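Here the structure is laid out as structure tokens; the discussion comes afterwards.
In this chain, residues are counted from 1 in sequence order. On a predicted model such as this, the values are computed, not experimentally measured, just so you know.
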Amino acid sequence: MSEDDRIAVVGLSCRVPGADDAPALWRNLLSGVDSVRRTPAGEGAPGGPDWVPAFGRLDDLEGFDADLFGYPAAAALLDPQHRLFLEVAWHALEDAGIDPARDPAQIGVFAGCAPNRYLHHHLLGNPALAPAAGALAEDWDDALTGSGCDYLPTRTAFALGLSGPAVAVQTACSTSLVAVCQAGQSLLDYRCDVAIAGGAAVVSTRQAGYRLRPGGLLATDGVCRPYDAAATGQVFGNGAGAVVLKRLADARADGDHVYAVLAGWAVNNDGGDRPGFTVPGVSGQAAVMAEALASVGWDAADVGYLEGHGTGTPVGDAIEVDALARVRRGARAPLLLGSVKGNLGNLDAAAGVISLIKAVYAVRTGQMPGTAHFTAAHDDVDLAAARAEVDARTRPWAGERRAGVSSFGLGGTNAHVLVEPAPATDAPDAGAPGPVVLGLSAGSPAALRELARRLALRLADGDLAVADVAHTLAVGRRRLAYRDAVACADAGEAVAGLTALAAGDPVDGDEAVRAWRAGADLPVPPGRRVPLPGYPFRRTRHWIEARR
């Protein structure tokens, strides 16, 4: 298998329950944190004997940096899922060190979202909008295009200036992992040079809980327990995630930071070989895993960790493990099976890409996070037949680091992706000796100071060469209105200067610094792209209350 057949993950970003970025999510997963929030009685929840006060909620769902994205007037009419995805796509590109305004690459977007609850429960028929109808009339076009799943990737392409294919993907809970597969194939077909793939889901704007329905799929106790004997169903949550992908050969040639490599993937549908439309099929799930393995010439035993679909529904989990057993028939090596849904709940259209981000970190770090709430397998979940085990504890990876990620959508569209470590690279090029300039820009003075503070903290860790930081800032950050810079020869000088900027203290600068402050570009120093702190969005409230 050559580099030309593999795809590099060069950037990633997410906002999920309990974590505003991917590093925070990873820390939570390693610690086994359950981020599903249980709302105490009397805090706005409807209550009643059939009400379960549990939900994977997002903090500040109402907030949005409307000025940065160019929607100051119509932001309150936009689907919150569109707002979330704009933010994670922006941060994912920053994480990859790519500024679309100056990068000649054709950048595509492949993404989807859940149905728009905000439109139906907050906007349509809301009498509070009537007095402002005249003022808002010109914005309703934005509301209509901002309410459709079709427009999520095209809105992202418009707001970020991306000229590659912008394709909406809709396959229910497997949406964002199918989007990753579509993006990877588009890269291999040279339809684009870079691709953003992912999804967003706001399955509840109230974020308080849910009502049980007889025979339904939701957990009676508000706890998602994938594969567990005590499992009674799933819990939902809100969230968004995105990865930035490149052909591996291009990523290495461009000096990109590569988190991990997508070695292969497959997408199929269960077809009619299942008891009902909403019931998953064993043969379809087994086939998609087998096809992905065959595409790269791997045996099932080559995969040491599988981030499963694992929703905590006894029937669905049993079918998934039955399919896994068919694929692993005869495999001697054990497999660790896990599911992030025990920590976050089911994030619907965003679930697959969050599972992928977890697997990417696992492959990269050699740590396999445990599955929250697991104690013993459900009687119908035959782990022994699959030569698999589930563990609530985080454990170090033993053996070759190859992982699989499964995502199965309601309606039968299945996706499976195979992940392996990034290839070894030469020692990072620290750039030419001598001072460099760290150029920062933001949409407001406050955001500029916060960006300086975050970068100072990151450089204080001591694991980044300042030349690489300068290179990344020069090629991979948007040019915004408010600018400042620090000239430095090492990390110590950089931290001191950035700390002063964060405090609002003036910092002397050389000619290059003064030119940057005046609006000129900086020369691009030699170096590699490295992940740096993301832009500090100024989220102000853009929200119309639900109609009564």
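Side-chain contact between Val9 and Val244 is absent, with no heavy-atom pair separated by less than 4.5 Å. The shortest side-chain heavy-atom distance between Leu78 and Tyr151 does not fall under the 4.5 Å cut-off. Residues Leu177 and Val267 have side chains not in contact (no heavy-atom distance under 4.5 Å, counting atoms from C-beta outward). Side-chain contact check for Phe64 versus Glu87: some heavy-atom pair is nearer than 4.5 Å. Contact of the Leu93 side chain with the Leu162 side chain is registered, since non-hydrogen atoms from C-beta on lie closer than 4.5 Å. Put simply, the side chain of Asn343 does not reach to within 4.5 Å of the side chain of Val16, judged on heavy atoms. Side-chain contact check for Leu335 versus Glu389: every heavy-atom pair is 4.5 Å or farther apart. Annotation: side chain of Leu356 is in contact with side chain of Leu262 (closest heavy-atom distance under 4.5 Å).
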> Given the rule in the side chain to side chain contact (heavy atoms under 4.5 Å, CB included) test, do Asn28 and Ser35 qualify, once you have shown the distances and angles that lead to the verdict?
Replying inline: CA-CA 8 Å; Asn28 286 348; Ser35 296; 4.1 Å; yes
> Could you walk me through whether Leu25 and Ile354 pass the side chain to side chain contact (heavy atoms under 4.5 Å, CB included) check?
Replying inline: CA-CA 9 Å; Leu25 168 63; Ile354 301 303; 4.1 Å; yes
> Taking it one step at a time, do Arg274 and Asn269 satisfy side chain to side chain contact (heavy atoms under 4.5 Å, CB included)?
Replying inline: CA-CA 11 Å; Arg274 46 185 159 145; Asn269 191 276; 3.5 Å; yes
>> With side chain to side chain contact (heavy atoms under 4.5 Å, CB included) as the criterion, how do Leu245 and Val194 come out once you've worked through the C-alpha distance, each side chain's angles and the decisive distance to 0.1 Å?
In response: CA-CA 6 Å; Leu245 308 177; Val194 179; over 6 Å; no
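In this structure, OG on Ser407 lies 9.0 Å from CG on Asn414, to the nearest 0.5 angstrom. For the atom pair CG (Asp348) and OG1 (Thr175), the distance works out to 7.0 Å, reported to the nearest 0.5 Å. Annotation: the span from Arg155 atom CZ to Leu86 atom CG amounts to 7.5 Å, rounded to 0.5 Å. Within the model, atoms CD of Glu400 and CH2 of Trp298 stand 7.5 Å from one another, a figure rounded to the nearest 0.5 Å. One finds the CG atom of Leu217 at 8.0 Å from the CG atom of Leu410 (value rounded to the nearest 0.5 Å). Between the OG atom in Ser339 and the CD atom in Glu320 there is a gap of 7.5 Å [rounded to 0.5 Å].
Residues Thr220 and Thr232 have side chains that bring a donor and an acceptor to within less than 3.5 angstrom of each other. Of the N and O atoms on the side chains of Thr540 and His542, at least one donor lies less than 3.5 Å from an acceptor on the other residue. Judged by distance alone, the side chains of His121 and Thr205 never bring a donor and an acceptor atom under 3.5 Å apart. Side chains of Glu291 and Asn268: no donor on one and acceptor on the other come within 3.5 Å. Side-chain N/O atoms of Asp228 and Thr375 include a donor and acceptor closer than 3.5 Å.
Among all heavy-atom pairs drawn from Ala92 and Ala242, the shortest one is CB-O, 4.1 Å. Across Phe55 and Phe236, no two heavy atoms sit closer than the pair CD1-O, 3.3 Å. Closest approach of Gln285 and Ala323 over heavy atoms only: CB-CB, 3.7 Å. Taking each heavy atom of Gly199 and Ser176 in turn, the nearest pair found is N-CB, 3.7 Å. Taking every heavy atom of both residues into account, Leu84 and Ala240 meet most closely at CB-CB, 4.0 Å. Residue Arg326 comes nearest to Ala286 through the heavy atom pair CB-CB, 4.2 Å, listed as atom of the first residue, atom of the second, then distance.
Between the side chain of Ser186 and the backbone N or O of Ala183, no donor-acceptor pair lies under 3.5 Å. Side chain of Glu307 to backbone of Ala403: no donor-acceptor contact under 3.5 angstrom is found. Ser355 contributes no side-chain N or O that, together with a main-chain N or O of Val405, makes up a donor-acceptor pair within less than 3.5 Å. Side chain of Asp302 to main chain of Asp299: a donor-acceptor pair is present (N/O by atom type, distance under 3.5 Å, no hydrogens or angles).
Here Arg15 pairs with Asp20 in a salt bridge; the nearest charged N to carboxylate O distance falls below 4.0 Å. Taking the charged nitrogens against the carboxylate oxygens, Asp59 and Arg37 do have a contact shorter than 4.0 Å, which makes a salt bridge.
Within 6.0 Å of atom CZ in Arg117, more than 12 heavy atoms from other residues, nucleotides or ligands are found, so the atom counts as buried in its surroundings. Counting heavy-atom neighbours within 6.0 Å of Arg213 CZ, excluding the residue itself, gives a total of 12 or less. Dense packing is recorded around CZ of Arg387, with more than 12 heavy atoms of other residues, nucleotides or ligands lying under 6.0 Å away. The neighbour count for Tyr210 OH, taken as heavy atoms of other residues, nucleotides or ligands under 6.0 Å away, is above 12.
For the ring-ring contact (aromatic ring centres under 6.0 Å, His included) test with Tyr361, the passing option among Tyr305, Trp397, Trp26 is Trp26; the others fail.
In this pair, His309 and Phe408 present their aromatic rings tilted. The plane angle is within the 30 to 60° band. Using a 30° and 60° split on the angle between ring planes, Tyr118 and Trp543 fall in the tilted class, from 30° to 60°.
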